[in-house]
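A quick write-up on the structure given underneath.
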Amino acid sequence: MVSTVVTVPLGLLALVYGALSPMECDSCNGAVAERFHDSWTVGWTVLWIGLLIALAVLIATWAVPHRLRYAPRRFVLALAAPATVVVTFVAFMALVDWP
């Protein structure tokens, strides 16, 4: 499925970016570092939960029977999986208090 080819790399890129983002504040200290760390922890949790939801949607896409009457349901789920990754990443970026 095309959704798998799009969702998995997008999810991995979002996860790598989220994991490497604490380096953004390596030179920070004091209150700025504390705010960044606190907001990053919340954002990291949201990112993980959102990516797990995207994985669940992707698995649901695979689980729907390949019959013509289920085609609309499979199509909506196939679109929802990468959209969930994108929305989750945008939420992560908005939650983190970048220095």
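Positions are given from 1 along the sequence. Not measured: the values here are computed from a predicted model.
Ile59 and Val8 fall within a single hydrophobic cluster, where Ile, Leu, Val, Met, Phe, Trp and Tyr are joined by side-chain heavy atoms under 4.5 Å apart, directly or via other members. Linking Ile, Leu, Val, Met, Phe, Trp and Tyr whenever their side-chain heavy atoms come within less than 4.5 Å leaves Val16 and Val6 in two separate clusters. Under a hydrophobic clustering in which Ile, Leu, Val, Met, Phe, Trp and Tyr are joined whenever their side-chain heavy atoms come within less than 4.5 Å, directly or via other members, Leu15 and Met93 fall into the same cluster. Val85 and Leu95 are assigned to two separate hydrophobic clusters, defined by single-linkage of ILVMFWY side chains at heavy-atom distances under 4.5 Å. Leu55 and Leu10 are assigned to two separate hydrophobic clusters, defined by single-linkage of ILVMFWY side chains at heavy-atom distances under 4.5 Å.
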Check against side-chain contact (heavy atoms from CB on, under 4.5 Å), Tyr70 and Phe75 = CA-CA 9 Å; Tyr70 295 117; Phe75 182 74; over 6 Å; no

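Remark: Leu68 CG is loosely packed, at most 12 non-hydrogen atoms of other residues, nucleotides or ligands lying under 6.0 Å away.
Residue Phe89 holds its CZ atom at 9.0 Å from CG of Leu13, rounded to the nearest 0.5 Å. Here the straight-line distance linking atom CG of Leu58 with atom CG of Leu51 works out to 11.5 Å at 0.5 Å rounding. In this structure, Ile49 CD1 and Phe92 CZ are separated by 13.5 Å, a value rounded to the nearest 0.5 Å. The line from OG of Ser3 to CZ of Arg74 is 12.0 Å long, rounded to the nearest 0.5 Å. Separation of atoms CH2 (Trp40) and CG (Leu47) is listed at 9.5 Å; rounding is to 0.5 Å. Taken from SG in Cys28 to NE2 in His37, the straight-line distance is 13.0 Å, to the nearest 0.5 Å.
Minimum interatomic distance between Ser39 and Asp97 (heavy atoms only, all atoms of both residues): OG-N, 2.8 Å. Thr84 and Gly50 make their closest contact through CG2-O, 3.7 Å (heavy atoms, listed as atom of the first residue, atom of the second, distance). Nearest heavy atom pair, residue Pro99 against residue Phe36, reads CD-CD1, 3.8 Å. Scanning both residues, Ala19 and Pro22, for their nearest heavy atoms gives O-CD, 3.2 Å. The nearest pair of heavy atoms linking Ala81 to Thr7 is CB-OG1, 3.6 Å.
Legend: residues meeting side-chain hydrogen bond (donor to acceptor under 3.5 Å, both in side chains) with Trp98, ordered by chain and number and at least two apart, are absent.
Ring geometry for Trp44 against Trp48 counts as perpendicular: the plane angle is over 60°, on a 0 to 90° scale with 30° as the lower cut.
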